[in-house]
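Before any comments, here is the structure.
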Amino acid sequence: QVQLVESGGGLVQAGASLRLSCVASGRTFINYAMAWYRQAPGKEREFVAAISRSGDSTNYADSVKGRFTISRDNAKNTVYLQMNSLKSEDTAVYYCAGRYTPLPIAPLVGYTNWGQGTQVSVSS
């Protein structure tokens, strides 16, 4: 099990950038694939991006491809989400998630560890 704490959210104008961070507790971070999800008001939580244990493999939702970049620093137990060219439809609570796996995969589902979320609001 890892405990996850997100930070970096805020209120920005359309076209701006933000970088979210998620710090994981424990010494087993390297054993977890990591992901970012988001939930907009009145909508279900949706997948945004995922990264494998080593960082060699990533996956993105079509809606963020080319604008968002997920990365991780295993020495710092931290995963990042760089968000560029933000749009009003990116407004949501963003959640960090972890999934224990021995495989070098960046899955879209199956995450069992969740942070508390950080609010991202984009004004048009």
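- Here the closest heavy-atom approach between residue T118 and residue L20 is recorded as CG2-CD2, 4.0 Å.
- The shortest side-chain heavy-atom distance between R38 and T91 does not fall under the 4.5 Å cut-off.
- Taking all atoms of both residues into account, the shortest heavy-atom contact from Y95 to R45 is CZ-NH2, 3.7 Å.
- Nearest heavy atom pair, residue R72 against residue F29, reads NH2-O, 3.0 Å.
- Atom CE of residue M34 and atom OG1 of residue T78 lie 9.5 Å apart, to the nearest 0.5 angstrom.
- Criterion: ILVMFWY side-chain heavy atoms under 4.5 Å apart, direct or through other members. Under it, Y32 and F47 are not part of a common hydrophobic cluster.
- In this structure a side-chain-to-backbone donor-acceptor pair under 3.5 Å is missing from N59 to A50.
- Y37 and Y60 fall into different hydrophobic clusters, defined by Ile, Leu, Val, Met, Phe, Trp and Tyr side-chain heavy atoms under 4.5 Å apart, directly or through other members.
- Rounding to the nearest 0.5 angstrom, the gap separating the CD atom in Q116 from the SG atom in C22 is 8.5 Å.
- Checked by atom type and distance alone, the side chain of R19 never pairs as donor or acceptor with a backbone atom of G8 at under 3.5 Å.
- Put simply, W114 and V109 are part of the same group of oily side chains (I, L, V, M, F, W, Y) that touch within less than 4.5 Å, one to the next.
- To the nearest 0.5 angstrom, N74 atom CG is 3.5 Å from I30 atom CD1.
- Contact of the M83 side chain with the R67 side chain is not registered, since no non-hydrogen atoms from C-beta on lie closer than 4.5 Å.
- Looking at every heavy atom in both residues, E6 comes nearest to C96 through OE2-N, 2.8 Å.
- In terms of heavy-atom proximity, G98 sits nearest to Y111 at C-CD2, 3.4 Å.
- In this structure, CG in L86 is found 10.5 Å from OG in S121, a value given to the nearest 0.5 Å.
- Ring-plane geometry between F68 and Y94 is classed as tilted, the angle between the planes lying from 30 to 60 degrees on a 0 to 90 degree scale.
- Across all non-hydrogen atoms, the minimal contact from K43 to Q39 is O-NE2, 3.1 Å.
- Evaluated for a side chain to side chain contact (heavy atoms under 4.5 Å, CB included) with V79, the options I51, V23, L4 yield exactly one hit, I51.
- Between atom CG of residue L81 and atom OG1 of residue T69 there is a gap of 8.0 Å, rounded to the nearest 0.5 Å.
- Here the straight-line distance linking atom CZ of R53 with atom OH of Y100 works out to 7.0 Å at 0.5 Å rounding.
- Clustering ILVMFWY residues whenever any of their side-chain heavy atoms sit less than 4.5 angstrom apart, transitively, puts Y80 in a cluster other than the one holding W36.
- Under 4.0 Å is where a charged nitrogen must lie from a carboxylate oxygen, and between K87 and D90 no such pair does.
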